[in-house]
There are 2 protein chains.
Amino acid sequence: MKSSPPPQQPYHHGDARNALLRAASEILETSGAAGLALRQLAERAGLSRQAPYNHFADKQALLAELVKQGFERLGADMKAAADSDLPPVARLTKAGASYIAFAQQTPALFRLMFSKELVDVACYPKASGAAEHSFAQLCKIVAALTSPETVADMSLVAWSLVHGYATLCIETGLEGPEHRADRAALFTRAVLGSVQP
Amino acid sequence: MKSSPPPQQPYHHGDARNALLRAASEILETSGAAGLALRQLAERAGLSRQAPYNHFADKQALLAELVKQGFERLGADMKAAADSDLPPVARLTKAGASYIAFAQQTPALFRLMFSKELVDVACYPKASGAAEHSFAQLCKIVAALTSPETVADMSLVAWSLVHGYATLCIETGLEGPEHRADRAALFTRAVLGSVQP
DNA sequence: ATCTATATGTTGACAACGTCAATATTATTG
DNA sequence: CAATAATATTGACGTTGTCAACATATAGAT
């Protein structure tokens with residue numbers, strides 16, 4: 001009498017796309033984008049190496065989805081600062097600190113989000129839309145601090161400052177998270193001081 | 001009667017290391033760091049694929065040499081601004097504009113210089129030395145504008161600003177070179193405005 | 001001058017990678 | 001129910017960085 005075979009795994013993974021993205025996200029933060037191979041993440045998701053191509057056009061499309069998710073999270077942080085019941089100046093400081101925190105907490109994702117060589121965000125409307133929304137929240141915060149004709153300049157200064165500092169911290173070890181609050185305050189002063197009083 | 005064979009190429013290239021670096025530099029700016037393969041640049045330099053290993057420990061070591069060269073050039077730009085016979089405020093503006101120009105003119109090299117994933121500068125003393133010298137020139141410019149206890153903060157603001165703006169321009173197409181001078185001036189105001197008057 | 005060691009150079013080979021192609025299984029559509 | 005589409009697998013290919021073995025030229029020691 002032949003014993004019945006053990007229960008087989010179903011043919012379909014059932015949640016392949018999300019499993020792939022989860023695997024990608026994990027590998028990204030441990031090995032960086034350079035160490036993120038499609039074959040590796042397929043294996044981690046319990047799929048074959050060709051399976052990612054059923055859900056993403058190519059490797060860049062998969063990375064673009066990570067980028068979109070990253071901008072959505074960053075945008076939510078910026079929105080939280082914009083919607084907080086703090087005085088306008090404190091909102092800008094809170095937004096700056098959040099931006100820097102995001103980069104310091106998920107450096108590989110932050111790198112990927114601004115790595116035109118790996119993902120050209122302009123080719124992925126959802127990702128670029130999320131990026132624009134993120135920046136718009138920052139502009140909203142700045143708009144509460146100045147007149148309409150200087151909002152653009154001040155927003156540019158704000159973004160350049162936090163982005164430059166965050167990038168230098170993760171790429172050169174410029175400073176660690178213990179300086180974040182002080183630097184956010186310093187940058188707020190610089191932003192306010194960039195316009196004529 | 002056997003005719004004599006045509007003149008052979010000498011066994012040794014004669015300038016292999018520099019030929020490899022030149023080839024790497026060319027490919028870097030056309031295909032980016034992601035498109036820069038050791039085999040390709042060896043071929044371009046007229047050498048076999050193993051030849052680069054006679055001059056560089058591995059691919060990263062070769063890239064580190066490019067990074068060092070990049071920081072030397074950037075440092076020279078910063079020094080030129082520091083040594084110019086302009087008033088101190090104009091020197092800062094000139095330095096900022098030079099930094100942004102460097103990034104916009106050689107974006108792939110600029111990316112590589114701050115790409116910890118590709119080249120960890122901390123592991124290459126000559127490259128990190130050149131990077132530090134570059135930043136020190138910026139600090140020298142700032143020192144002429146403020147008191148000793150605020151030099152560090154102002155230098156950090158200056159660097160974060162130009163670095164953030166330069167990076168955003170090359171990675172997101174934020175703005176083109178036509179805005180460079182105006183933005184350098186705006187950033188100077190922000191730097192000066194970051195300290196209490 | 002001769003011999004040995006070192007530096008520079010080549011090609012064979014390997015594992016890993018992204019992706020194409022063919023095949024198999026399951027789910028959806030008409 | 002049959003046909004189509006979506007999801008899944010494995011074979012295969014060209015490319016990559018690097019190891020290893022071998023070849024050639026140069027430098028150093030005697």
Side-chain angles (χ1 to χ4, degrees), chain A residues 5-24 26-28 30-67 108 112 115 117-120 123-124, chain B residues 5-24 26-28 30-67 108 112 115 117-120 123-124:
Chain A
Q8 300 288 339
Q9 295 281 46
Y11 179 78
H12 282 172
H13 182 286
D15 198 26
R17 192 172 189 275
N18 287 329
L20 289 165
L21 288 170
R22 273 193 304 268
E26 287 161 14
I27 295 166
L28 180 64
T30 55
S31 309
L36 196 159
L38 273 193
R39 292 177 175 222
Q40 185 191 16
L41 72 88
E43 186 174 325
R44 180 177 282 222
L47 291 158
S48 70
R49 63 189 184 287
Q50 184 66 20
Y53 292 91
N54 292 320
H55 303 270
F56 306 95
D58 53 21
K59 185 173 177 181
Q60 188 175 188
L62 184 146
L63 295 178
E65 185 62 32
L66 293 185
V67 166
L112 182 64
S115 180
E117 269 193 16
L118 295 180
V119 179
D120 189 351
C123 301
Y124 299 90
Chain B
Q8 300 289 338
Q9 293 280 46
Y11 178 75
H12 282 172
H13 183 284
D15 197 27
R17 192 172 189 276
N18 286 328
L20 289 165
L21 288 170
R22 273 193 303 267
E26 288 162 12
I27 295 167
L28 179 63
T30 54
S31 309
L36 196 159
L38 273 192
R39 290 178 176 225
Q40 185 192 17
L41 72 88
E43 187 175 325
R44 182 177 282 223
L47 292 158
S48 70
R49 63 188 184 286
Q50 185 67 18
Y53 292 91
N54 291 321
H55 303 271
F56 305 95
D58 53 21
K59 186 175 177 180
Q60 189 175 189
L62 185 146
L63 296 177
E65 184 62 31
L66 292 186
V67 166
L112 181 64
S115 181
E117 269 194 15
L118 296 180
V119 180
D120 188 351
C123 300
Y124 298 90

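Labels below follow one simple rule: chain letters A, B, ... track the order of the sequence lines, proteins then strands, and each chain is numbered from 1. Because the structure is predicted, anything quoted here is derived from the model rather than measured.
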Could you give the CD1-to-P distance, from A:Ile27 to C:dG18, as a whole number of Å?
10 Å

Flag if over 12 foreign heavy atoms under 6.0 Å of CD, B:Glu43:
no

Show your working on side chain to side chain contact (heavy atoms under 4.5 Å, CB included) between A:Phe56 and A:Leu20 and close with a plain yes or no.
CA-CA 10 Å; A:Phe56 306 95; A:Leu20 289 165; 4.2 Å; yes

Closer than 3.5 angstrom, by distance alone: can the side chain of A:His13 be matched with the main-chain N or O of A:Ala51 as a donor-acceptor pair?
no

Kindly give the atom pairs (protein nitrogen or oxygen, nucleotide nitrogen or oxygen) under 3.5 Å for nucleotides 19-22 of chain C.
{"unit_1": "C:dT19", "atom_1": "OP2", "unit_2": "A:Tyr53", "atom_2": "OH", "d": "2.6"}
{"unit_1": "C:dT19", "atom_1": "OP2", "unit_2": "A:Lys59", "atom_2": "N", "d": "3.2"}
{"unit_1": "C:dT19", "atom_1": "O5'", "unit_2": "A:Tyr53", "atom_2": "OH", "d": "3.2"}
{"unit_1": "C:dT19", "atom_1": "O4", "unit_2": "A:Arg39", "atom_2": "NH2", "d": "3.2"}
{"unit_1": "C:dC20", "atom_1": "N4", "unit_2": "A:Gln50", "atom_2": "OE1", "d": "2.8"}

Where along residues 15-23 of chain A does a heavy atom fall under 4.0 Å from DNA chain D?
A:Ala16

Nearest-angstrom distance from the residue atom OH of A:Tyr11 to C1' of D:dT10
11 Å

Verify side chain to side chain contact (heavy atoms under 4.5 Å, CB included) between A:Leu38 and A:Arg49, making sure each step is shown before the conclusion.
CA-CA 7 Å; A:Leu38 273 193; A:Arg49 63 189 184 287; over 6 Å; no

I want to verify a distance call: between D:dT7, C:dT10, D:dT10, whose nearest atom is closest to the B:Ser48 side chain?
C:dT10

Distance test, side-chain N/O of A:His55 to OP1/OP2 of D:dA6, below 4.0 Å
no

Could you check whether B:Leu36 gets within reach of a base, just the sugar-phosphate, or nothing at all, counting any heavy atom under 4.0 Å?
sugar-phosphate

How long is the line joining CG of A:Asn54 and P of C:dT26, in whole Å?
15 Å

Rounded to the nearest 0.5 Å, what separation is found between the CZ atom of B:Arg17 and the CZ atom of B:Arg22?
12.0 Å

Measure from CD on A:Gln40 to P on C:dA15 and round the result to the nearest Å.
18 Å

Considering heavy-atom distances to DNA chain D, does B:His12 or A:Leu47 have its closest nucleotide positioned more toward the 5' end?
A:Leu47

What integer distance in Å separates A:Phe56:CZ from D:dT7:C1'?
14 Å

Contact class for A:Ala51 vs. all strands (heavy atom < 4.0 Å): base, sugar-phosphate, or nothing?
base

Heavy-atom side-chain proximity of A:Leu41 to A:Leu62 below 4.5 angstrom:
yes

Between the side chain of B:Thr30 and the main-chain N/O of B:Ile27, is any donor-acceptor distance below 3.5 Å?
yes

Spacing of B:Arg39 atom CZ and B:Gln50 atom CD [to the nearest 0.5 Å]
9.5 Å

Please confirm whether the backbone N or O of A:Asp120 pairs with a side-chain atom of A:Gln60, one donor and one acceptor, at under 3.5 Å?
yes

